[in-house]
Each structure stands twice: as C-alpha cells, then as structure tokens.
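Data block below; observations after.
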Amino acid sequence: MLNWIEQQIQQQRFEEMVRTAQRDRLAQLVLAAKPQRAHFYSPILAGLGRWLEAWGYRLQRRYGAVPEVTIATKTPISRSR
C-alpha cells in the first residue's frame with residue numbers, strides 16, 4: 001500500500017511522462033509538416049541521371065545489349081596426380 005507521498009510522486013511522474021509524450025508528438029507533427037528543402041544540386045543530379053540513361057540506351061542500340069555475365073563460384077579444385 002502506497003502512502004500519500006509516494007502517491008503524489010507517482011502522480012507527478014505520470015504527468016511528466018504525459019507531457020513528454022505530448023511534446024514528442026507535437027515535434028513529430030511539426031517535422032512532418034515542414035516541407036523538405038531542395039538542395040541546389042538536386043536539379044543538376046536529376047539532369048545528369050537522365051543524360052546517363054539516354055547515353056546508355058544509345059550505346060546499347062549501337063553496340064547491342066550487354067551479354068549475360070556468369071558469376072564464377074568457388075568450387076574446390078580436384079587435383080588428381
């Protein structure tokens with residue numbers, strides 16, 4: 001059985017936890033609502049990506065598709081003498 005002081009301490013801890021949870025929820029809402037700032041190099045990288053894609057497509061048309069490459073597996077080499 002808790003005495004009066006322990007009940008008050010427990011109640012204050014609970015209220016503090018509620019305040020902390022509410023503050024965290026509000027912070028998450030603010031961060032989610034804040035629009036993400038586009039960096040100055042984002043359009044440059046997007047353009048570079050489109051250019052590389054088009055260049056790769058032209059190279060595949062000119063020289064054909066890249067052949068399928070098989071991966072060498074590590075198999076034990078049997079050495080019979």
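Here the structure is a predicted model, which is why all the values come from computation and not from measurement.
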- side chain to side chain contact (heavy atoms under 4.5 Å, CB included) against Ile44, all qualifying residues, sequence neighbours excluded: none
- Message: So, using ring-ring contact (aromatic ring centres under 6.0 Å, His included) as the criterion, who are the partners of Tyr41 when residues are at least two apart?
- Response: His39
- Task: Calculate, to the nearest 0.5 Å, the distance between atoms CD and CD belonging to Gln8 and Gln12 respectively.
- Result: 6.5 Å
- Message: Taking transitive links into account, so neighbours of neighbours count too, which hydrophobic residues share a cluster with Trp51 at under 4.5 Å side-chain distance?
- Response: Leu48, Leu52, Trp55, Leu59, Tyr63
- Task: Give a yes or no on whether Ile5 atom CD1 has more than 12 heavy-atom contacts from other residues, nucleotides or ligands under 6.0 Å away.
- Result: no
- Mind checking side chain to side chain contact (heavy atoms under 4.5 Å, CB included) for Tyr57 and listing every partner two or more places apart, or none if nothing turns up? Arg61
- Task: Provide the full list of salt bridge (charged side-chain N to carboxylate O under 4.0 Å, His left out) pairs with a residue in residues 18-31, sequence neighbours left out, each pair given once.
- Result: Glu16-Arg19
- Note on the structure: In this structure, CH2 of Trp4 is separated from CD of Gln7 (nearest 0.5 Å) by 9.5 Å
- Item | Residues which pass side-chain hydrogen bond (donor to acceptor under 3.5 Å, both in side chains) with Gln11, listed by chain and number, not counting sequence neighbours | Glu15
